[in-house]
Amino acid sequence: MRYVIIGGDAAGMSAAMQIVRKGQNADIVTLEKGDIYSYGQCGLPYTIGGLISSTDKLIARTVEAFREQGIDAKTNHEVARVDPVKKAVYGTDTLSGKSFEYRYDKLLLATGASPGVPNIRGIDLTGVHTLKTIADAKQIMEDLNHDVEQVTIVGGGYIGLEMAEAFKLLGKQVRIIEHGDHLAKIFDADMATLIHEEADKQGITVHTNEKVEVLKGEERVEVVQTDKASYPCDLVLISVGIRPNTKLIEGTEIATGIKGAIRVNRYMETNVRDVYAAGDCAEQYHIVKEKDDYIPLGSTANKQGRIAGLNMIGLAKTFKGVTGTSVIKFMDLTLGRTGISEKEAQALNLPYATVRIGSLDIAGYYPDNDPLHVKLIFRKDDERLLGGQLIGKNGVDKRVDVLATALYHGMRLHELEDLDLGYAPPFNSTWDPLQQAARRG
Ligand code: FAD
């Protein structure tokens, strides 16, 4: 049995390792267009910001380590085309320029996604970057040596925020230009106000409802021009979202859906026999929305990859889905959210209500307590929890995970009150802020 996996990172190699561990004498070929396998993209902003000494530290397992496991792990092998009828994939070894063909019995598409790049004048100027790979991070770090003082970030999503912090740590002047009406659109506008206040406090300039139209400069970017104004800058980071890498399946029967991501069932099977997909190139079932969605995250890519691998060797296991959980560090704040936002509840036409409280992360009488803001979204009719957002300095991560667990189990608002959560003054109040919010709902 020949297993071919396209993509050598989170989803692809999680699958490959399951096949190695549980499959018998499996013939596994992994085809990766880059030359690095299995690394933590999520650590790139912290490496650029100087908290992690080298991108080498992000590499979870080297290509050699995978080869020692018996995987025929190829580097610089870019797949251009998949033929599910012949059960073959075709591409080029980008080092030698030679073309290759691999036949498969089972195929996994784990090609991830690529940063979206707006089609604007000046996008090719030196000093304009995106961030997705170690190579991108190295280019940014190299470029920061060129007298860079003013950085403009286009897009105020989580990568934009994490990179704003990284550039700030390096002592740069940072400006974020966001075309929506607030930063971090996975949060509702009322909660995002807290993020804007933090940006303000930290000296990060934010422009909302503004669209970048042109980047100007001789060779290197010097000015960002929007539909409202022009700003001088020395470096631009474009972080406007990502698009699934699916060019290689164009012209096949393999179905794509939301934002062009590959449709998969709970077994990570596509609609075409013996072809699986996982990670950022694939859709995910959303437990709260009760339908497919596209929320590309490393946590999910690892799970989907593992499940794809198990199913490829015939050990039936289902991916239960995501609840839309994210946690982000932005300067002194932690931003956490799970489930659906109020905005999404409106769009889905759900009969919802919300409760929002300002509380403290630990006991009020214990030193160094800080504000913790909690918003819960729940159904009006049966009180089923739909989502929540938490913003504060500390303790956000654990509460968002409690809430994610509650959502996974379809819990009701009042059931949060019954949870036996840990309490001692340095960690909490007798009623956890989630429970305080539930009592007011
Ligand atoms: P990828 O990691 O993109 O891997 C796909 C691989 O396929 C790549 O190595 C690519 O070179 C290869 N490939 C693509 N096309 C071809 C082809 N045609 N032929 C051969 N090879 C090909 N997620 C979180 O959950 N939490 C975080 O805090 C977080 N922070 C992040 C910060 C940054 C800066 C970035 C960029 C991402 C972050 N993510 C985070 C997202 C997370 O890194 C991704 O969800 C995860 O890497 C997806 O894994 P994947 O294997 O599906 O895709």
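Ligands are counted one by one from 1 in listed order, and the atoms in each one are counted from 1 as well.
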Worksheet item: What atoms of ligand 1 come closer than 4.0 angstrom to any heavy atom of Leu31?
Response: 20 (C), 21 (N)
Ligand 1 N/O within reach of [X] N/O, cut-off under 3.5 Å:
{"X": "Asn245", "result": "no"}
{"X": "Glu78", "result": "no"}
{"X": "Ala10", "result": "yes"}
{"X": "Ile6", "result": "no"}

Once you restrict to heavy atoms under 4.0 Å, what part of [X] touches ligand 1? Side chain, backbone, both or neither.
{"X": "Pro45", "result": "side chain"}
{"X": "Ile159", "result": "side chain"}
{"X": "His77", "result": "backbone"}

Worksheet item: So between Gly8, Cys42, Ala113, whose heavy atom ends up nearest atom 29 (C) of ligand 1?
Response: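 Residue with the shortest heavy-atom distance to the ligand atom: Cys42.
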Worksheet entry | Heavy-atom proximity to atom 9 (O) of ligand 1, best of Glu32, Glu162, Gln41 |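 Minimum heavy-atom distance to atom 9 (O) of ligand 1 goes to Glu32.
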Fill in: Ring-face cation of Arg266 near Phe319 (centre distance under 6.0 Å, axis angle within 45°)
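So Arg266 doesn't make the cation-pi contact.
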Discussion item. Tell me whether Met13 reaches ligand 1 (any heavy atom closer than 4.0 angstrom to a ligand atom).
Written reply: no
Discussion item. Using heavy atoms and a 4.0 Å limit, tell me yes or no: is Tyr37 in contact with ligand 1?
Written reply: no
Determine whether a donor-acceptor pair (N or O, by modelled atom type, separation under 3.5 Å) exists between the side chain of [X] and the backbone of [Y].
{"X": "Asn265", "Y": "Glu269", "value": "yes"}
{"X": "Asp234", "Y": "Glu149", "value": "yes"}
{"X": "Thr246", "Y": "Ile249", "value": "no"}

Practice prompt. Tell me whether the centres of the aromatic rings in Phe187 and His182 are closer together than 6.0 Å.
Written response: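 Not under 6.0 Å, so no.
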Item to complete: Answer with yes or no after comparing the ring centroid distance for Tyr37 and Tyr39 against a 6.0 Å cut-off, counting only values under it.
Response: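 No, the ring of Tyr37 stays outside the 6.0 Å limit from the ring of Tyr39, centre to centre.
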Looking at [atom], what's its closest protein heavy atom, distance included?
{"atom": "atom 51 (O) of ligand 1", "value": "Ala11 N, 2.9 Å"}
{"atom": "atom 53 (O) of ligand 1", "value": "Gly112 CA, 3.2 Å"}
{"atom": "atom 41 (C) of ligand 1", "value": "Tyr158 OH, 3.5 Å"}
{"atom": "atom 25 (O) of ligand 1", "value": "Gly298 N, 2.9 Å"}
{"atom": "atom 22 (C) of ligand 1", "value": "Lys33 CG, 3.7 Å"}
{"atom": "atom 52 (O) of ligand 1", "value": "Asp280 N, 2.8 Å"}
{"atom": "atom 19 (N) of ligand 1", "value": "Val79 N, 2.9 Å"}

Discussion item. I need the His286 NE2 to Ile295 CD1 distance, nearest 0.5 Å.
Written reply: 4.0 Å
Item to complete: Might you point out which heavy atoms bring Asp93 and Leu95 nearest each other, and give the distance in Å?
Response: OD1-N, 2.9 Å
Fill in: Pairs involving residues 161-186, ordered by first then second residue, that meet salt bridge (charged side-chain N to carboxylate O under 4.0 Å, His left out) (sequence neighbours left out)
Glu165-Lys329
Discussion item. Under a 4.0 Å threshold between the charged nitrogen and the carboxylate oxygen, would Lys375 count as salt-bridged to Asp188?
Written reply: yes
Worksheet entry | side chain to side chain contact (heavy atoms under 4.5 Å, CB included) against Thr193, all qualifying residues, sequence neighbours excluded | Glu197
